[in-house]
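Order of listing sets the numbers, starting from 1, for every ligand and every atom in it. All values below were derived from every heavy atom in this structure, side-chain atoms included, with hydrogens, water molecules and symmetry-related copies excluded.
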Amino acid sequence: MAVEYCRFPAGFLWGVATAAYQVEGAVAEDGRGPSVWDTFCQRPGVIFQGQSGAQACDHYHRYKQDVALMKAMGVKAYRFSASWPRIFPDGTGAVNDKGLDFYKRLLDELLAAGIQPWMTLMHWDLPQALEDRYGGWESRQCAEDFARYAGFMAKTLGDRLEGIFTINEFVCFLDKGYGFSDEPFAPGKQTSVKVLNQARHHAILGHGMAVQAIRSVSGCRVGLAENIPNCAPILETPEHINATRKALRELTGMFLTPILEGAYHPAYLERQGADAPIFTAEDMKIISSPVDFVGLNLYAPKYIRYDSSRACGWIEVASDEHYPRMHMPWLTIGPTITYWGPRLVSELWKVKSIFITENGCAYPDVPDADNKIWDTARVMYLQQHLIGAHRAVSEGYALNGYFHWSLMDNFEWAFGYSKRFGLHYVNYQTMERIPKLSAEFYANVIRRNALG
Ligand code: GBH
């Protein structure tokens, strides 16, 4: 008789995730203002085949059907993002009630289906008006305006939300969007190192101001969703593990470290020298406002080893082109990250509650003659990563839930619709959604609360 395999604790939160610009479409409807992504997608040559999120999955109109897909899988929680320019088309000022109504309808639908709503406030779609007005996050005013939007959302919807994530992944919209990247990203400008560091500072300050704004009007739990460098030791020996912990703290020295410690990592400030951000002690207090949970977006591993020849004591071991990977240039497979992420974050910062807010993979899925998708590779990826998550839980780390990226195939930024990350296949001609084998696999995991 089969023995039960990897049982999760009762109440472990099984979810799926999406983001506004990647799924909603309807970019010019009901008074939504443009975001930096709408503008960026019009620039020739930056997005695969000149595509954009203008239609995406048409989630804006088909959200009822999409909630039904979640319900059919038995999903307990939905992590979606609100589109800031739908609420404040001008970034600030007058509220667009019609845009807000969409999220009210979505919450009604989720709650009626018994699915917890978890909302991200900024998944990269900054209102274009703020980019035009003051260069987006280059200006400290952006942090203030973000906090105002955050407070408004918490006041209006907070009593019906289970949790709020302020900002999704700092590095992407800052480091890639403000320069120094071969992967095109909105707003697609070239700034200087100095300007980038100051923009990073304004973004984490915006996070902290938003936490305070949310707390002042609502009892809703609040945290963030960050793609920490997914450091994992090359071998599980004390010296490599210790080196990996140090590496993580240093590599996120400008984002998660100051948010959880109230100070930049000294190595970051030292390396930036004259280009380091300008900040006050008061800023650092705001940035490190206590959060209720930390969300980790975990995709590809960064292997670390102990190195006695370096002052920092660690070095990254790069993966070459033969290392196994999924259908993205950067998506190498290292399933122990769902263990090491929660463990290292717990050890470094004693976080009360951790969620894996994204984990998933792209695969060039093709429906067969019966319109079925046998995505065995995604099932393998998912299963292996859940083994890692289970290990973290069973060792007592405060990992409380897992959100798969993504509910359905969607607009994969610079890669357009050419990369499919969904548990559901989307036919972009008909907008039909087809559950893949992986959706059935995930539904079984949720139903059993175990892997086997
Ligand atoms: C997530 O980010 C996003 O939140 C989500 O919107 C997106 O759809 C999903 O991933 C899938 O891509 O420096 O060349 O090694 C993960 C984004 C992309 C962040 C790769 C780190 C490193 C690329 N990650 N990036 S590279």
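With no hydrogens or angles considered, a side-chain donor-acceptor pair links His61 and Glu29 at under 3.5 Å. Side-chain contact check for Tyr103 and Tyr63: no donor-acceptor pair (N or O, by modelled atom type) lies under 3.5 Å. At a cut-off of 3.5 Å, with distance as the only test, a side-chain donor of His201 or Tyr264 sits close to an acceptor on the other residue.
Remark: Phe152 pairs with Phe88 by the ring pair (Phe, Tyr, Trp, His ring centres under 6.0 Å) rule, at least two apart or across chains. Taking the side chain to side chain contact (heavy atoms under 4.5 Å, CB included) definition, one finds that Ala150 meets it with Leu121, Ala210, Ile214, sequence neighbours left out. The side chain to side chain contact (heavy atoms under 4.5 Å, CB included) search around Val195 returns Glu138, Thr191, Ser192, not counting sequence neighbours.
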Polar pairs, ligand 1 vs protein, N/O only, below 3.5 Å.
{"from": "ligand 1", "atom 1": "2 (O)", "to": "Glu169", "atom 2": "OE1", "distance (Å)": "2.9"}
{"from": "ligand 1", "atom 1": "2 (O)", "to": "Glu169", "atom 2": "OE2", "distance (Å)": "3.0"}
{"from": "ligand 1", "atom 1": "4 (O)", "to": "His123", "atom 2": "NE2", "distance (Å)": "3.2"}
{"from": "ligand 1", "atom 1": "4 (O)", "to": "Asn168", "atom 2": "ND2", "distance (Å)": "3.1"}
{"from": "ligand 1", "atom 1": "4 (O)", "to": "Glu169", "atom 2": "OE2", "distance (Å)": "3.4"}
{"from": "ligand 1", "atom 1": "4 (O)", "to": "Glu358", "atom 2": "OE1", "distance (Å)": "3.0"}
{"from": "ligand 1", "atom 1": "4 (O)", "to": "Glu358", "atom 2": "OE2", "distance (Å)": "3.0"}
{"from": "ligand 1", "atom 1": "6 (O)", "to": "Gln22", "atom 2": "OE1", "distance (Å)": "2.8"}
{"from": "ligand 1", "atom 1": "6 (O)", "to": "His123", "atom 2": "NE2", "distance (Å)": "2.9"}
{"from": "ligand 1", "atom 1": "6 (O)", "to": "Trp413", "atom 2": "NE1", "distance (Å)": "2.9"}
{"from": "ligand 1", "atom 1": "8 (O)", "to": "Gln22", "atom 2": "NE2", "distance (Å)": "2.9"}
{"from": "ligand 1", "atom 1": "8 (O)", "to": "Trp405", "atom 2": "NE1", "distance (Å)": "3.2"}
{"from": "ligand 1", "atom 1": "8 (O)", "to": "Glu412", "atom 2": "OE1", "distance (Å)": "2.7"}
{"from": "ligand 1", "atom 1": "10 (O)", "to": "Tyr299", "atom 2": "OH", "distance (Å)": "3.4"}
{"from": "ligand 1", "atom 1": "12 (O)", "to": "Glu412", "atom 2": "OE2", "distance (Å)": "2.7"}

